[in-house]
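What follows is a single structure, written as structure tokens, with notes after it.
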Amino acid sequence: MSHYQATREVTKNGYATTLAGRKRFFDLASTDKAQRATAERAAKNHPIQGTNADILKRALALLYTALPQRVHLLLCVHDEIVLECPEDLLAEAERILKEAMVQACRDYLKVVAIPEPEVVVGRAWIKK
């Protein structure tokens, strides 16, 4: 959906929708130009940012059911998922993580090429 289509959708319906069908409602009736501009920007970004959040949540659900017991979901930061696992399960956890991330994308993005996810292995989480 283009920014123009998102603006039309929210103007017509009062909400913007993610690819998962999640709706976010916006009040574009404000007479305050700054408030209206802020709402329009948020409405334009919601289909993209919201779909990214839907994909991340789907990946987490897939991981929850697929990860071995000794591998733990620790943290999500924007589009990152942080796992903790023993070294003997590292290769399996990495494979499962990549598969879950790709599957979550495929569940929503039907015509987009999905690159292999980048997995960084380290002894501690370091924000770059």
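All values derive from a computational prediction rather than experimental measurement.
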- Message: Between Asn13 and Tyr15 (side chain of the first, backbone of the second, donor and acceptor by atom type, cut-off under 3.5 Å), is there such a pair?
- Response: no

- Query: Are any side-chain N or O atoms of Arg22 and backbone N or O atoms of Gly50, one a donor and one an acceptor, separated by less than 3.5 Å?
  - Reply: yes

- Would you say the side chain of Val77 lies within less than 4.5 Å of the side chain of Leu75, judging by non-hydrogen atoms? yes

- Query: Do any N or O atoms from the side chain of Asn52 and from the backbone of Ile48 form a donor-acceptor pair under 3.5 angstrom?
  - Reply: no

- Message: So Leu19 and Pro47, do their side chains get closer than 4.5 Å, heavy atoms only?
- Response: no

- d(Cys105 SG, Arg58 CZ) to nearest 0.5 Å is 11.5 Å

- Query: Considering residues at least two apart in sequence or located in another chain, which fulfil the side-chain hydrogen bond (donor to acceptor under 3.5 Å, both in side chains) criterion with Thr51?
  - Reply: none

- Looking at NZ of Lys23 and OG1 of Thr17, how far apart are the two atoms once the value is rounded to the nearest 0.5 Å? 6.0 Å

- Are Met101 and Val82 joined in one hydrophobic group, where the rule is that I, L, V, M, F, W and Y side chains link up if heavy atoms are under 4.5 Å apart? no

- Can you measure from CD (Gln49) to NE2 (His78) and round to the nearest 0.5 angstrom? 9.5 Å

- Could you state whether Val121 and Val71 fall into the same hydrophobic cluster, counting links through intermediate Ile, Leu, Val, Met, Phe, Trp or Tyr residues with side-chain heavy atoms under 4.5 angstrom apart? yes

Please tabulate, for the side chains in residues 88-97, all donor-acceptor contacts under 3.5 angstrom to protein atoms that are two or more places apart in sequence or on a different chain.
residue, atom, partner, partner atom, Å
Asp88, OD1, Arg70, NH2, 3.3
Asp88, OD2, Arg70, NH2, 2.7
Arg95, NH1, Glu99, OE1, 3.1
Arg95, NH1, Glu99, OE2, 3.2

- Query: Which heavy atom of Gln69 sits nearest a heavy atom of His72, and at what distance?
  - Reply: O-CE1, 3.5 Å

- NZ (Lys33) with more than 12 external heavy atoms under 6.0 Å: no

- Message: For Phe25, I'd like to know if atom CZ has over 12 heavy atoms of other residues, nucleotides or ligands within 6.0 Å.
- Response: yes

- Distance, nearest 0.5 Å, that separates CG of Leu67 from CG of Leu73: 5.5 Å

- Can Tyr64 be reached from Ile81 by stepping across I, L, V, M, F, W or Y side chains whose heavy atoms are under 4.5 Å apart? no

- Message: Any non-hydrogen side-chain atom of Val102 less than 4.5 Å from a side-chain atom of Glu116?
- Response: no

- Note on the structure: CG (Leu60) and CG (Leu62) are apart, to the nearest 0.5 Å, by 9.0 Å

- Would Glu118 and Lys98 pass as an ion pair if we require N to O under 4.0 Å? no

- Note, Ile114 side chain near Arg106 side chain (heavy atom, < 4.5 Å): yes

- Mind checking the OH-OG1 spacing from Tyr108 to Thr18? Nearest 0.5 Å is all I need. 7.5 Å

- Query: If we only count heavy atoms from C-beta on, is the Phe26 to His46 side-chain gap below 4.5 Å?
  - Reply: yes

